Amino acid sequence: MSLVGSVSDEMSNSSENQVESLPQSIEEKHQELVVSHVPIVSSFNERIRPLLDAVDKLRHLQVMKEGIQLPTIVVVGDQSSGKSSVLESLAGISLPRGQGICTRVPLIMRLQHHTAPEPELSLEFNGKTVPTSEAQIANAISLATDEIAGSAKGISNTPLTLVVKKNGVPDLTMVDLPGITRVPVHGQPENIYEQIADIIMEYIRPEESIILNVLSATVDFTTCESIRMSQKVDKNGERTLAVVTKADRAPEGLLEKVTADDVNIGLGYVCVRNRIGDESYKEARKEEADLFENHPLLSKIDKSMVGIPVLAQKLVQIQATIIARCLPEIVRKINEKLNASISELNRMPKTLSSVGEALTTFMGIVGSAKESLNKIIVRGEYDEYPEDKNMHCTARLVEMLNQYSGELRKCSENDLTGNFLMDEIQVLEEAKGIQLPNFLPRTTFLAILQKKVEKVSHIPVAFVEKVWTYIEGVVISVLMHHSENYHQLQLSTRRAGHSLIARMKEHSRNWVTEIVQMEKLTDYTSNPEYMNDWSKLMAQQHDFTRDEKGYISTFKIEGLGEVPIAGLRGYDQHVLLQAFDLKMRMTAYWKIVLRRLVDFMALHLQFCLRNLVNKEMEEEIVKELVGRHDGAIERMLEESPAVAAKREKLNVSIKLLSESNNVLGNIMDKIASNI
Ligand SMILES: Nc1nc2c(ncn2[C@@H]2O[C@H](COP(=O)(O)OP(=O)(O)OP(=O)(O)O)[C@@H](O)[C@H]2O)c(=O)[nH]1
């Protein structure tokens, strides 16, 4: 990554003369630092300060919630590695120190040099600012931590900000994180390691973070959990700086350890000796300077790698570099997100503030739903749902109608050939009366017709059920789509849609039952095709009766196909003639019946669907919403919880991003002209 690479490069390039690239004022301060050691004189850089202030303000606004990462120095280390001691050395104040878990929440430490002799300290957490003092700070942090993370030993991800304005401190902002511990101590949750690891990873993962890895000189660096973690996100250590604490306790081999660099620390090592016991801050710095100056082993370590002042200097330099590199991108991202959120908010439905507005919106929604349904159900235009085949209604309806027609035909096919003439013979037998034998009684035809109609009667009924269930799905989906931003309206329209379709379904069911009933009662058609077909079929009667006498077992009837006739031998000629006639009349007529069942069904559906879309639906919805007099229109003014939450979220984002934008204000000009 270019940013990290550049930080790393910059640091290594300046290893010989560390302050070469810094502005004059910092260089002077650095000299002062190295020479005098105490106190840490501020490396205040008035060019960097406004930028750091801007980043701190963005952090305070929690712009990270919008997915914008800030350049941050993150302090990590195993438990009791000395993180807090390093921070207090940098700040010149006392932080809670000691064995056991002390840092239980992310502690954002903002060090600011100020000219007044008296330091000003304050803690910011849970939306409040609590002033405190140097003497009180350890206690105040403990109390604030208890308030955030509870008084047990649990940890929390809610940060606590400590602002230290003090003469001579470096202008630095760092985040101290809970120390990594494998074994929960008494009162800690079992998954303490995972909880801490999650917080640490969240802070060190962004490429904008610089990892300040605090390592105790008393341990083997390769075994440190904090090294393992930082290597997960920064394999080559390009954005990792190591601080080795407790140099006084393990001087043997320290030089070799930091020179060998077994753990890949790209930004280098700084060895320090922190405050011990009740030492004053000044005494600690003096002891540290003496240690690295005079100790037989430690004095051999290069002076650019030892002492709190050097650490402060390095950090200030790194901080300046990452801020300058990251800010333009941050400004760009904030603007981009702000614009995106504003246009998303503008695209959201208007909040309704009066019944009049609600009515207008309601009519608009009904109108547009009607138009959509007209398009897909009546006109066959599916431009609103190009990919959703289920919504291409006219095509789906024709498919269903064809299938219905096929089912009707299939269901009556067997009658034509199986047990040829047997049904007819049986019916004729039972219709016998005291009368001349060569009259074909009409009741026989009606009896067969009724039987046939009865056999297929379930098909039209099932078909209307199927069509209306399909249409119900389409209508509800269109209504829901058009009213999606109005929760109450959705409830009403859904109700209206269901009851309307139920009514239409009932109507069609009655209609189809009536049609079937009519077909059973009367054998009539004015269609000349009937007589034509019958005549053609009857023309084969003579051949049939001749062959039936012979020994062949099947006979081919034009229009019916091959039929078995072996079983017919033994019946009287006139019975066979009548049965044949009956069969041929039915064959010719049945074609007409089936066609009527399909054609009328198509006309019926088309009529009902048009009615539904153009008339019934609107009436039903209006009846449901306005006619109930139970304030349904007024309730439309309430937004659905999801829409209200989205609107709230967007408003919060826009406020936050606008404030962030204001903070950055003319910072970009400063970057351009000064850095
Ligand atoms: N001798 C010596 N002791 C040190 C040094 N730095 C820290 N200590 C001691 O090591 C212990 C742990 O230090 P802390 O600063 O509390 O460590 P920490 O990493 O902040 O601890 P947690 O936040 O609990 O993980 C304390 O008793 C410190 O006094 C040092 O340079 N030399």
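Not measured: the values here are computed from a predicted model. Positions are given from 1 along the sequence. For ligands, and for the atoms within them, numbers begin at 1 and follow the listed sequence.
- Here the side chain of Y281 pairs a donor or acceptor atom with the backbone of S89 at under 3.5 angstrom.
- The shortest non-hydrogen separation linking V316 to P170 is CG2-CB, 3.8 Å.
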Working note: N264 + Q231, criterion side chain to side chain contact (heavy atoms under 4.5 Å, CB included); need CA distance, chi angles, decisive distance, verdict. CA-CA 8 Å; N264 269 348; Q231 281 182 343; 4.2 Å; yes

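- Put simply, part of S81 is less than 4.0 Å from ligand 1, judged by heavy atoms.
- Remark: ligand 1 and Q79 share no N or O pair separated by less than 3.5 Å (distance only, no angle test).
- When heavy-atom distances to ligand 1 are checked against a 4.0 Å cut-off, R249 comes that close only through its side chain, counted from C-beta outward.
- C224 and D78 get closest at one heavy-atom pair: CA-OD2, 3.4 Å.
- Here the side chain of D234 pairs a donor or acceptor atom with the backbone of R239 at under 3.5 angstrom.
- Under a 4.0 Å criterion applied to the non-hydrogen atoms of R273, ligand 1 contributes the atoms 31 (O).
- At least one N/O-N/O distance between K83 and ligand 1 falls below 3.5 Å.
- Of the polar atoms of G82, at least one N or O is found under 3.5 Å from an N or O of ligand 1, judged by distance alone.
- Of all the heavy atoms of I276, the ones lying under 4.0 Å from any atom of ligand 1 belong exclusively to the side chain.
- If you check the side chains of N213 and S226, you find a donor sitting under 3.5 Å from an acceptor.
- Considering S216, S85, G277 only, the shortest heavy-atom separation from atom 7 (C) of ligand 1 involves S85.
- Not one N or O on the side chain of K337 forms a donor-acceptor pair closer than 3.5 Å with the backbone of L657.
- Contact annotation: for D248 versus ligand 1, heavy atoms closer than 4.0 Å belong to the side chain alone.
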